[in-house]
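Have a look at the structure below before the remarks.
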Amino acid sequence: MAASDAFVGLGSNMADPSTQLAGAVARLAALSKTELVAQSPFYSSKPVGPQDQPDFVNGAVWLRTQLTALELLDQLQAIEQAHGRERIRHWGPRTLDLDLLLYGDETITSERLTVPHAELTNRDFVIQPLLDLDPRRRLPDGRSLASLRQQCPDNNLQKLNPVARILTPPG
């Protein structure tokens, strides 16, 4: 099977969100039949939906994978579960949210999966990280992410400093 370019959105607003996202990126990079091509910067943004929750940290990764879209979705959901994801309230707080945003040039509509992601065009915290990864990227219908970003509602997006990594113990 030929590899497909897949773009995955990352989000968290609980339990040290930047660390949650960094851990998810590491797990995504370790998936079988999958290569991590690039990781976007992380951004903070106001929550969509209920406002009685902390701000989110969001980002995206570009994967090249031989997994099918549904196999990749299964892996994303397993990673969410490993990070303690609970689906209590629609658009509510979460430790980790991984969304398959784009899968090659495919348009997928099934009971389990919609690609491109149904809310992609309405979310600056999704479009901006995608633009960071591939400024020339277009949706399967031909619309450019750059033009969509200009039309997107403002969600008070703020670019964050990179997460510090300690590679060896001090001392």
Side-chain angles (χ1 to χ4, degrees), residues 3-50 53-104 106 108 112-120 122-134 137 145 155-168:
S4 294
D5 288 329
F7 292 83
V8 176
L10 317 165
S12 174
N13 70 341
M14 295 175 61
D16 193 0
S18 291
T19 300
Q20 293 286 346
L21 267 54
V25 171
R27 286 178 178 256
L28 291 166
L31 287 177
S32 68
K33 302 180 187 178
T34 302
E35 168 196 359
L36 176 66
V37 176
Q39 171 189 337
S40 78
F42 293 160
Y43 293 86
S44 70
S45 65
K46 296 291 178 200
V48 170
Q53 59 182 320
D55 287 353
F56 274 82
V57 174
N58 296 97
V61 294
W62 179 351
L63 304 174
R64 190 156 294 130
T65 186
Q66 292 180 332
L67 299 173
T68 67
L70 287 175
E71 289 170 336
L72 182 55
L73 177 64
D74 289 340
Q75 294 298 315
L76 298 180
Q77 290 175 342
I79 293 169
E80 288 178 339
Q81 293 306 309
H83 282 252
R85 169 76 189 260
E86 294 180 356
R87 298 174 191 274
I88 297 169
R89 180 171 66 161
H90 186 61
W91 289 341
R94 61 203 74 162
T95 51
L96 184 62
D97 187 25
L98 300 176
D99 290 322
L100 182 53
L101 303 171
L102 298 169
Y103 186 84
E106 291 188 36
I108 303 168
R112 289 193 59 213
L113 181 62
T114 300
V115 174
H117 189 278
E119 293 294 330
L120 186 152
N122 300 319
R123 308 280 197 253
D124 59 352
F125 56 84
V126 173
I127 295 175
Q128 186 58 55
L130 289 175
L131 282 170
D132 293 333
L133 294 171
D134 186 359
R137 177 66 48 182
L145 290 176
N155 213 29
N156 200 27
L157 208 57
Q158 303 289 322
K159 190 174 185 179
L160 300 175
N161 290 326
V163 176
R165 306 257 199 292
I166 299 173
L167 300 177
T168 55

- Note on the structure: Separation between CG (L113) and CD1 (I108), nearest 0.5 Å, reads 5.0 Å
- Message: Between T65 and S4 (side chain of the first, backbone of the second, donor and acceptor by atom type, cut-off under 3.5 Å), is there such a pair?
- Response: no
- Please tell me if the side chains of H117 and L100 come closer than 4.5 Å, counting only heavy atoms from C-beta onward. no
- Query: Do L21 and Q39 have side chains that get closer than 4.5 Å, going by heavy atoms?
  - Reply: no
- Is there any salt bridge (Lys or Arg N to Asp or Glu O under 4.0 Å) pair reaching into residues 24-34, and which pairs are they, with sequence neighbours excluded? none
- Message: Tell me the closest heavy-atom pair linking W62 and L133, and the distance in Å.
- Response: CZ3-O, 3.5 Å
- Query: Does D5 reach the main-chain N or O of Y103 with its side chain, forming a donor-acceptor pair under 3.5 Å?
  - Reply: no
- Query: Given side chains that start at C-beta, do those of T34 and Q75 come closer than 4.5 Å, heavy atoms only?
  - Reply: no
- Identify the two heavy atoms, one from Y43 and one from Q128, that lie closest to each other, and give their separation to 0.1 Å. OH-CG, 3.5 Å
- Message: Within this structure, what is the CG-CZ distance for the pair N13 and R94, rounded to the nearest 0.5 Å?
- Response: 7.0 Å
- Message: Counting C-beta onward and ignoring hydrogens, is there a side-chain heavy-atom pair between L10 and F42 closer than 4.5 Å?
- Response: yes
- Message: If we ignore hydrogens and angles and just use 3.5 Å, is the side chain of S40 paired with the main-chain N or O of A60 as donor and acceptor?
- Response: yes
- Query: Do side-chain atoms of T19 reach the backbone of P17 as a donor and acceptor pair under 3.5 angstrom?
  - Reply: no
- State whether a side-chain donor-acceptor pair under 3.5 Å links Q20 with D16. no
- E80 and D97: CA distance, side-chain angles, deciding distance, side chain to side chain contact (heavy atoms under 4.5 Å, CB included) verdict: CA-CA 6 Å; E80 288 178 339; D97 187 25; 3.4 Å; yes
- Roughly how far, to the nearest 0.5 Å, is CG of L96 from CD of Q81? 10.0 Å
- Query: Going by heavy atoms in the side chains, are V115 and L101 under 4.5 Å from each other?
  - Reply: no
- Output for pair (L76 CG, L31 CG), nearest 0.5 Å, gives 7.5 Å
- Message: Using 0.5 Å steps for rounding, measure from the CG atom of D99 to the CG atom of L73.
- Response: 9.5 Å
- Query: Passes side chain to side chain contact (heavy atoms under 4.5 Å, CB included), E119 versus V126? Steps please.
  - Reply: CA-CA 9 Å; E119 293 294 330; V126 173; over 6 Å; no
- Item | Side chain proximity check, L145 to L120, heavy atoms < 4.5 angstrom | yes
- Message: Looking only at side-chain N and O atoms, does S45 offer a donor or acceptor that is under 3.5 Å from a partner on N58?
- Response: yes
- Message: To the closest 0.5 Å, what do you measure between OG (S44) and CZ (F56)?
- Response: 12.0 Å
